[in-house]
Protein chains: 2
Amino acid sequence: MVGLPNRDRKAERREATRQEIITAAWEIAHENGLTSVTLREIATRIGMQPPSLYSHFASKNAIYDAMFGQVWRDFCVALERASASFPAEPRGRLLALAGFYFDFAVSDLERHQLMDMPMLRDFRPSEEAYRPAIECYEIMRSVLTGIGIHRQADLDMYTALVGGLVNQQLANDPGGDRWRDLVPRAVGLLADDLGLPAQPPTSRRKT
Amino acid sequence: MVGLPNRDRKAERREATRQEIITAAWEIAHENGLTSVTLREIATRIGMQPPSLYSHFASKNAIYDAMFGQVWRDFCVALERASASFPAEPRGRLLALAGFYFDFAVSDLERHQLMDMPMLRDFRPSEEAYRPAIECYEIMRSVLTGIGIHRQADLDMYTALVGGLVNQQLANDPGGDRWRDLVPRAVGLLADDLGLPAQPPTSRRKT
DNA sequence: GTCTATACACCGATAGAC
DNA sequence: GTCTATCGGTGTATAGAC
């Protein structure tokens with residue numbers, strides 16, 4: 001009896017090639033900047049002719065789109081995993097969330113530009129690629145809600161604060177710690193403003 | 001006696017043409033984005049052939065350079081003029097400075113991108129064009145110093161805070177007020193943290 | 001100083017053979 | 001699915017006539 005193969009080798013090979021293309025695109029982005037990704041250069045790196053890429057992606061923007069979706073999925077997974085270990089205590093939890101986002105964003109400029117900045121003039125993520133981004137935002141919001149941060153104005157203040165630190169770090173001290181070191185202080189300011197309960201003294205023996 | 005003309009009409013005409021070019025470049029930047037400025041399009045708008053622009057600027061980046069220098073000079077003048085009317089009282093003065101910068105930055109996205117963001121891949125301002133930017137920074141710093149803000153970490157916190165609000169406003173609510181409305185609150189937080197004296201009650205009759 | 005003509009190096013995308 | 005060949009377009013910049 002001739003059944004269907006239980007592994008679709010063809011589909012696997014196809015997916016592997018798509019990944020090769022995306023990986024090469026990230027390589028170029030990291031070396032020469034996000035806007036320097038070209039079909040020619042991708043093709044050269046993976047040993048193809050440029051037109052062959054159209055067998056796997058409908059256009060150059062479709063490649064950006066796949067990159068966008070993937071990094072947001074990555075962030076989603078990393079955030080969900082990390083948030084399980086965040087402290088339960090509100091201030092510690094807020095600081096952990098801010099620090100996690102800061103470190104993730106700052107560790108890869110081009111990724112940050114694709115995820116959070118409108119750098120590519122005529123690229124708009126498809127609805128499908130945007131879905132993980134929304135999912136991510138919901139996870140972050142649920143963490144903040146759990147701390148007691150509900151009002152939109154408070155969320156806006158939080159995003160401006162953390163985003164501002166990230167941008168200054170990337171723009172003025174890439175690879176350094178100048179604004180990273182300000183994260184606890186900035187989060188503390190916000191926590192005071194929001195009236196979060198003061199952090200309990202750490203590892204005090206029971207009295 | 002044949003003297004030198006007291007007005008150099010030729011030089012004046014030349015300067016006027018340079019200005020025409022720069023103005024056209026800003027027009028394009030505002031309509032289609034900073035990176036969409038091309039020599040072809042500039043030439044078309046002022047009724048020239050593209051190569052003719054090289055009689056006035058050595059390269060496309062030289063045009064960006066002139067734009068960069070000019071907007072920073074404009075900001076310098078505006079800031080110096082406005083700061084004369086800032087309140088003397090520290091908290092009011094800090095808020096006035098932050099508000100002034102916020103409004104200036106937010107009122108023109110492309111100008112902000114040229115002044116404060118590294119958007120143009122292979123454009124680095126010349127030393128001459130950068131000079132007004134430094135002068136500006138010194139004016140801002142002197143205002144902050146006058147309030148009692150000296151430490152680098154405090155200045156860094158200020159720039160991150162205000163810059164963060166600006167970026168969120170431009171990215172997520174262009175033309176709106178969502179983050180503009182948070183400026184007083186954010187500045188208040190920072191003022192508290194720095195221990196600035198509390199603002200006196202406004203327009204209290206003398207007692 | 002402005003023009004015409006052109007060089008040169010790219011780019012994304014398509015057609016059609018194999 | 002990959003190739004070759006090519007199209008039609010972008011862009012900056014230079015040479016030389018006027």
Side-chain angles (χ1 to χ4, degrees), chain A residues 5 8-25 27-29 31-68 114 119-126, chain B residues 5 8-29 31-68 110 114 119-126:
Chain A
D8 189 338
R9 309 188 84 88
K10 205 159 183 176
E12 278 176 20
R13 183 77 204 105
R14 218 183 134 66
E15 182 51 33
T17 304
R18 275 179 64 97
Q19 265 309 322
E20 256 191 289
I21 292 170
I22 291 179
T23 301
E27 251 184 52
I28 299 162
E31 289 173 22
N32 306 329
L34 211 44
T35 60
S36 299
V37 175
T38 65
L39 300 184
R40 276 175 165 72
E41 183 63 22
I42 294 175
T44 298
R45 298 207 181 202
I46 64 176
M48 268 189 179
Q49 294 304 314
S52 304
L53 298 174
Y54 285 88
S55 302
H56 301 274
F57 291 96
S59 69
K60 184 185 169 181
N61 272 345
I63 298 179
Y64 280 133
D65 202 57
M67 296 164 77
F68 181 92
L114 182 62
M119 278 260 318
L120 274 15
R121 258 189 57 68
D122 51 340
F123 164 68
R124 291 283 168 271
S126 66
Chain B
D8 189 337
R9 309 190 85 90
K10 203 159 185 177
E12 278 175 19
R13 182 78 205 104
R14 219 185 132 68
E15 181 52 32
T17 304
R18 275 179 65 98
Q19 265 309 319
E20 255 190 291
I21 293 170
I22 291 179
T23 301
W26 276 119
E27 251 183 52
I28 300 163
E31 289 172 23
N32 307 329
L34 210 45
T35 60
S36 300
V37 175
T38 66
L39 300 184
R40 273 176 166 73
E41 184 63 21
I42 294 175
T44 298
R45 299 207 180 201
I46 64 176
M48 267 189 180
Q49 295 303 315
S52 304
L53 299 174
Y54 286 88
S55 302
H56 301 276
F57 291 96
S59 70
K60 184 187 170 183
N61 272 346
I63 298 179
Y64 280 133
D65 203 56
M67 295 163 77
F68 181 92
E110 289 76 25
L114 182 62
M119 278 259 319
L120 274 16
R121 259 190 55 71
D122 51 339
F123 164 66
R124 290 284 168 271
S126 65

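Atom set for the values below is all heavy atoms of this structure, side chains included, hydrogens, waters and symmetry mates excluded. Numbers restart at 1 for each chain; the letters A, B, ... are given by sequence-line order, proteins then strands.
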Open item on the list: Under a 3.5 Å distance rule, please check whether Tyr64(A) uses its side chain to pair with a backbone N or O of Leu114(A) as donor and acceptor.
Closed with: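 Checking the backbone N and O of Leu114(A) against the side chain of Tyr64(A), no donor-acceptor pair under 3.5 Å is found.
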
Nearest non-hydrogen partners of [X] and [Y], listed with the distance:
X	Y	value
Ala66(A)	Phe57(A)	CB-CE2, 3.9 Å
Ser36(A)	Arg121(B)	OG-NE, 3.3 Å
Ile46(A)	Leu53(A)	CD1-CD2, 4.1 Å

What is the distance from [atom1] of [X] to [atom2] of [N], rounded to the nearest Å?
X	N	atom1	atom2	answer
His56(A)	dG1(D)	NE2	P	6 Å
Ile21(A)	dG12(C)	CD1	P	14 Å
Ile42(A)	dG12(C)	CD1	C1'	12 Å
Met48(B)	dT2(C)	CE	C1'	7 Å
Arg121(A)	dG12(C)	CZ	P	16 Å

TODO: Encode nucleotides 4-18 of chain D as B, S and - characters from 5' to 3', where the letter depends on protein heavy atoms closer than 4.0 Å: B to the base, S only to sugar-phosphate, - to neither.
DONE: BB-----BBBB----

Donor-acceptor contacts, no H, no angles, side chain residues 16-25 of chain B, under 3.5 Å, sequence neighbours left out:
unit_1: Thr17(B); atom_1: OG1; unit_2: Arg13(B); atom_2: O; d: 3.1
unit_1: Arg18(B); atom_1: NH1; unit_2: His56(B); atom_2: O; d: 3.2
unit_1: Thr23(B); atom_1: OG1; unit_2: Gln19(B); atom_2: O; d: 2.8

Task: Residues forming a side chain to side chain donor-acceptor pair (under 3.5 Å) with Glu41(B), sequence neighbours excluded - done: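 Partners of Glu41(B) under the side chain to side chain donor-acceptor pair (under 3.5 Å) test: Arg45(B).
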
